[in-house]
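Counting starts at 1 for both ligands and their atoms, following the listed order.
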Amino acid sequence: MSLERWKEVDDYYGKLLMPPDAVLQSALQKSDEAELPAISVAANQGKMLMILAQIQKAERILEIGTLGGYSTIWLARALPSGGKLVTLEYEQKHADVASENIKQAGLADRVEIRVGSASDTLPALVKEGCLPFDFIFIDADKPGYPAYFKWCMKLSRTGTVIIADNVVREGEVVNPDSEDEKVQGIRKFNEVVSSEKRFCATTIQTVGSKGYDGFMIGTVCGS
Ligand code: SAH
Ligand code: DHB
Ligand code: MG
């Protein structure tokens, strides 16, 4: 099986289930024009995140890693009116592109972008005593994942859903000798997740237009 076939299948289901969406297409185009890396989630993955947040009836969503706001828009669409999404981004330029895309999507009233390293903005959220989130999507720098997960646990309640992107990395995750800091970051993250007794998790490998990777998904099962 090849990337070409995975793309064909994504296209096939895309045509069936995902009507052309000018807002999301424009968000990708604006990100491209600003030369942001093309590493947002795929359309079918963004829609999966939206559906999961809807199932969770999430009113408060936290995202770590905004980029151009593509996954942010999908997630924010799951919110009821009065709901809120906080998204954390290190690069001012990415945040500026995302801000414009989120405004164009008509979601500026419910999305707050915080610029800075998540290793600073997550502790700041805890210090502020912010209310727990219902749904958290971790998708920033991979070496940061272990620490981000620990902060996310502090920003959670029993029942909070936490999802992490890119936990398979073309299968390299099984290589303990990998010299890729992203792979090593995910491996440390997996150790932290597996030793957290209050978290019940699984991982799903994915193939598609963005290649071979996977998601970790779990819920906080006790406080
Ligand atoms: N969630 C986005 C993709 C995020 S790409 C989507 O699917 O559309 C990862 C993002 O994390 C990049 O924009 C990168 O600048 C940001 N990032 C990298 N290091 C970070 C850090 N320490 N804190 C917060 N964001 C960071
Ligand atoms: C990378 C980061 C991502 O969030 C992603 O979805 C794909 C690739 C990366 O840093 O290589
Ligand atoms: Mg990702």
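A salt bridge links K103 to E100: one of the charged nitrogens lies within less than 4.0 Å of a carboxylate oxygen. D21 and R77 are joined by a salt bridge, as a carboxylate oxygen and a charged side-chain nitrogen come within less than 4.0 angstrom of each other. Between R157 and D134 a salt bridge is recorded (basic side-chain N to carboxylate O distance below 4.0 Å).
The ring-ring contact (aromatic ring centres under 6.0 Å, His included) check on F149 picks up F189, F199, with sequence neighbours excluded.
Sorted by chain and number, the protein atoms of type N, O or S within less than 2.8 Å of the Mg ion (ligand 3) are D139 OD1, D165 OD2, N166 OD1.
A donor-acceptor pair is defined here as one N or O able to donate and one able to accept, closer than 3.5 Å; such a pair exists between the side chain of K210 and the backbone of S40. Judged by distance alone, with hydrogens and angles left aside, the side-chain atoms of N101 form a donor-acceptor pair with the main-chain N or O of G68 at under 3.5 Å. Distance alone, capped at 3.5 Å, is enough to place a donor-acceptor pair between the Y145 side chain and the D165 backbone. Between the side chain of Q184 and the main chain of S178, a donor-acceptor pair closer than 3.5 Å is present. A donor-acceptor pair under 3.5 Å is absent between the side-chain atoms of S117 and the main chain of Y90, judged by distance alone.
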Exercise. List the steps, then state whether side-chain hydrogen bond (donor to acceptor under 3.5 Å, both in side chains) holds for Q92 with D96.
Key: CA-CA 6 Å; Q92 182 68 54; D96 291 345; 2.8 Å; yes
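Other residues, nucleotides and ligands contribute at most 12 non-hydrogen atoms within 6.0 Å of the CD atom of E35.
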Please give the N or O to N or O pairs under 3.5 Å between ligand 1 and the protein, distances rounded to 0.1 Å.
| residue | atom | partner | partner atom | Å |
| --- | --- | --- | --- | --- |
| ligand 1 | 1 (N) | G65 | O | 2.8 |
| ligand 1 | 1 (N) | S71 | OG | 2.8 |
| ligand 1 | 1 (N) | D139 | OD2 | 2.8 |
| ligand 1 | 7 (O) | V41 | N | 2.9 |
| ligand 1 | 7 (O) | S71 | OG | 3.2 |
| ligand 1 | 7 (O) | D139 | OD2 | 3.4 |
| ligand 1 | 8 (O) | S71 | N | 3.1 |
| ligand 1 | 8 (O) | S71 | OG | 3.3 |
| ligand 1 | 13 (O) | L67 | N | 3.4 |
| ligand 1 | 13 (O) | E89 | OE1 | 2.7 |
| ligand 1 | 13 (O) | E89 | OE2 | 3.2 |
| ligand 1 | 13 (O) | H94 | ND1 | 2.8 |
| ligand 1 | 15 (O) | E89 | OE2 | 2.6 |
| ligand 1 | 15 (O) | H94 | ND1 | 3.2 |
| ligand 1 | 19 (N) | D141 | OD1 | 3.2 |
| ligand 1 | 22 (N) | S117 | OG | 3.1 |
| ligand 1 | 22 (N) | D141 | OD1 | 3.3 |
| ligand 1 | 22 (N) | Y148 | OH | 3.0 |
| ligand 1 | 23 (N) | A118 | N | 2.8 |
| ligand 1 | 25 (N) | Y90 | N | 3.2 |

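Here T121 contributes atom OG1 and L88 contributes atom CG; the two are 4.0 Å apart, rounded to the nearest 0.5 Å.
Ring-plane geometry between W74 and Y70 is classed as perpendicular, the angle between the planes exceeding 60 degrees on a 0 to 90 degree scale with a lower cut at 30.
Among protein residues, I39, D139, K142, D165, N166, R169, K182 come within 4.0 Å of ligand 2, judged on heavy atoms.
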